[in-house]
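Working notes for the structure below.
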Amino acid sequence: MKKGKFIVLEGPDRCGKSTQAKLLLNYLIEQGRDVILTREPGGTPTAERIRQIVLEPGLSVTPITELLLYEASRAQHTQEKILPALQAGKTVVCERYTMSTCAYQGYGRGIDLKIIDTLNRIATLQTVPDLTLVFLMSDKYFTERGEYLFSDRLEQEDLAFRKKMRQGYLEMIQRTPNAYLIDADKNISDIQTRVRELLEKHQV
């Protein structure tokens, strides 16, 4: 039985998740909370090694292999880091979790969502977030923000892929408890204000 709170920041690459996650971490620490910040894929040494494989540009990875690598990373991350922290009463802030796999490998790659849901439940031991914040931005900002950035294998996908993935996020928000759309086109401070409002609303 988990005792802590689990907050997940979801969304595509370059939407500002990392910036907002760090701001949220600092805010929660200021509130006297015992909090950890982590990410997917990754979060532990083993999971980070899997991340290197799945995101390496130029590497040939089939969609089902990609899915299984993500789930392997998630299983390790959840059991080694997330669950122990929650059971210790800590607040866990995580950049991405199961919703991103549905958006990218389900809506983007076309893998059956029922398969992904089953694997997600296995990998997470049915651990679900208390609050999910989904950051979505206009596609023009993806291009602008990435102009001088290194692009990993997933960031190199085309506009059609990104549109399918974005539609997936929008649909999942509607059917996921305590999930909210965050307008990532807004400025950093306005976005963080909205994040804090939602935390207060749900007493997370």
Side-chain angles (χ1 to χ4, degrees), residues 6-15 17-18 21 38-83 86 92-129 131-137 139 142 146 149-179 181:
F6 188 20
I7 305 166
V8 174
L9 285 68
E10 291 277 11
D13 298 295
R14 306 174 189 170
C15 68
K17 290 187 306 299
S18 295
T38 189
R39 70 174 183 176
E40 287 211 346
T44 73
T46 300
E48 288 288 340
R49 290 289 293 276
I50 297 172
R51 178 189 179 93
Q52 292 173 4
I53 296 171
V54 79
L55 295 180
E56 183 178 332
L59 199 64
S60 177
V61 181
T62 68
I64 194 66
T65 301
E66 184 178 85
L67 171 62
L68 293 172
L69 285 169
Y70 274 115
E71 297 294 358
S73 174
R74 176 165 299 130
Q76 184 71 28
H77 184 213
T78 300
Q79 294 182 51
E80 183 180 342
K81 190 170 188 176
I82 294 175
L83 279 178
L86 292 174
V92 177
V93 176
C94 187
E95 295 180 46
R96 291 207 175 112
Y97 204 52
T98 55
M99 188 182 284
S100 281
T101 305
C102 294
Y104 278 78
Q105 282 69 52
Y107 286 86
R109 301 288 190 220
I111 298 176
D112 189 336
L113 287 171
K114 291 181 180 179
I115 294 174
I116 296 176
D117 286 340
T118 297
L119 291 173
N120 277 338
R121 287 196 299 272
I122 293 170
T124 64
L125 299 178
Q126 302 190 53
T127 303
V128 297
L131 182 65
T132 302
L133 306 174
V134 184
F135 297 78
L136 292 179
M137 62 182 174
D139 198 74
F142 177 88
L149 296 176
F150 167 80
S151 292
D152 64 38
R153 197 173 60 82
L154 272 294
E155 289 174 329
Q156 293 173 353
E157 291 293 342
D158 61 17
L159 177 59
F161 179 90
R162 294 199 298 274
K163 284 185 175 180
K164 288 187 288 187
M165 173 262 297
R166 178 186 174 86
Q167 183 60 33
Y169 277 121
L170 290 172
E171 291 183 14
M172 286 184 287
I173 290 170
Q174 300 302 315
R175 62 175 185 263
T176 303
N178 302 329
L181 173 64

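Fair warning: this is a prediction, and the values are worked out from it, not measured in the lab.
Proximity of E10 to M172: side-chain heavy atoms (C-beta onward) are nowhere separated by under 4.5 Å. Side-chain contact between E40 and C94: present, with at least one pair of heavy atoms (C-beta onward) separated by less than 4.5 Å. Residues V54 and P41 have side chains in contact (heavy-atom distance under 4.5 Å, counting atoms from C-beta outward). Side-chain contact between P129 and M99 is absent, with no heavy-atom pair separated by less than 4.5 Å. Residues R96 and Y70 are not in side-chain contact: their nearest non-hydrogen atoms beyond the backbone lie 4.5 Å or more apart. Using a 4.5 Å heavy-atom cutoff, the side chains of S100 and Y169 are in contact. A 4.5 Å side-chain heavy-atom check between Y107 and L170 finds every atom pair outside the cut-off. Between E71 and T101, the closest side-chain pair of non-hydrogen atoms falls below 4.5 Å.
Judged purely by atom type and a 3.5 angstrom limit, T124 uses its side chain to pair as donor or acceptor with the backbone of N120. The closest donor-acceptor contact from the side chain of K17 to the backbone of P12 lies under 3.5 Å.
In this structure, the separation between CD1 on I64 and CG on L119 is 7.0 Å, given to the nearest 0.5 Å. Annotation: the span from R49 atom CZ to Q76 atom CD amounts to 12.5 Å, rounded to 0.5 Å. To the nearest 0.5 Å, atom CD of residue E95 and atom CZ of residue R39 are 7.5 Å apart. Interatomic distance, CZ of R162 versus CG of D13, reported as 9.5 Å (0.5 Å rounding). Atoms OG1 and CG, from T65 and L59 in turn, are 10.0 Å apart once rounded to the nearest 0.5 Å. Rounded to the nearest 0.5 Å, atoms CG (L113) and OG1 (T118) are 10.5 Å apart.
Across C102 and I116, no two heavy atoms sit closer than the pair SG-CG2, 3.8 Å.
The only member of T127, T38, T78 that meets side chain to side chain donor-acceptor pair (under 3.5 Å) when paired with Y97 is T78. No option in L133, L131, L9 other than L9 meets the side-chain contact (heavy atoms from CB on, under 4.5 Å) test with V93. A side chain to side chain donor-acceptor pair (under 3.5 Å) with Q167 is found for exactly one of K164, E171, K163, namely E171.
E80 meets the salt bridge (charged side-chain N to carboxylate O under 4.0 Å, His left out) test with no other residue; sequence neighbours excluded.
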